[in-house]
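Right, one structure below, let's go through it.
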Amino acid sequence: MVEYVNKKEKIMITKDGPYIAFGNLPLDKQIIGIDEDNDSDRWIKGEIVSVGESCALCRCGKSGNKPFCDGTHGIVGFDGTETASKKLHKDQSQVMDGPDLELYDAVDFCSEARFCHRGGGTWELTRHSDDSKSKKLAIQEACGCPSGRLVLFDKKMGKFIEPKFEKSLSLVEDPQLKVSGPIWVKGGVIVESSDGTFYEVRNRQTLCRCGKSENKPFCDGTHIKAGFNDGDKSLK
Ligand code: FES
């Protein structure tokens, strides 16, 4: 754990307050794109949000200056208690075995981005992963999953399959459902708990910014039910 402390790029969770992002992490908006069947199939790059060496990002959902914290969390009495497990993703996963691929599925991380629906769904595609088309689509879908709930293991290559990301942050926007989603944390940025311990460092994770997740600090899709909207123009 100690080796994370001096790394530059880090998100520190404050008790009942914002996320503090350190290390000049780039921040942009990423918009969920859909196909003709209304299934999520691509990420559309939105505007770049200018941040400095460090910034405080709202996690209570109530700031008047989203995505930044404006202190409102103190006024509304935000309870940001972290309830997520610190176990490794693989130890929180159910593993589904297919012929060429294994699917690691840790449902508590689901941010409801719906990249796993096409072609009968990632589970069905994994089951038929000896078929090259099914395998390719299963990989596209699992790699599209922003939260990293779904991770595929390639049995022939003997390794997990991950998209390549720079260390960066994105604000997810979901125009199909007219809601704003979580903060997408990419490229292995450290997430430090308010108690000074660390969550598993992963290539992709999603952090709650509506304030209502039952799996804080991670998103559990509750922003959809909550109708969370940060005012992004893609939602109009
Ligand atoms: S966390 Fe500070 S205003 Fe939301």
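Counting convention: from 1, in listed order, for ligands and their atoms alike.
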Discussion item. Can you list everything that forms a salt bridge (Lys or Arg N to Asp or Glu O under 4.0 Å) with Lys15? Sequence neighbours excluded, please.
Written reply: none
Worksheet entry | No-hydrogen, no-angle side-chain donor-acceptor test under 3.5 Å, Glu173 and Ser234 | no
Worksheet item: What residue among Lys62, Lys66, Arg209 forms salt bridge (Lys or Arg N to Asp or Glu O under 4.0 Å) with Asp230?
Response: Arg209
Worksheet entry | N-O pairing of Asp105 and Arg149 below 4.0 Å | yes
Practice prompt. Enumerate the protein N/O/S atoms at a distance below 2.8 Å from atom 4 (Fe) of ligand 1, ignoring waters.
Written response: Cys58 SG, Cys60 SG
Worksheet entry | Partner residues of Asp130 under the salt bridge (Lys or Arg N to Asp or Glu O under 4.0 Å) criterion, sequence neighbours left out | none
Can you give the donor-acceptor pairs under 3.5 Å from side chains of residues 43-57 to other protein atoms, not counting sequence neighbours?
from: Trp43; atom 1: NE1; to: Gly144; atom 2: O; distance (Å): 3.2
from: Lys45; atom 1: NZ; to: Asp28; atom 2: OD2; distance (Å): 2.6

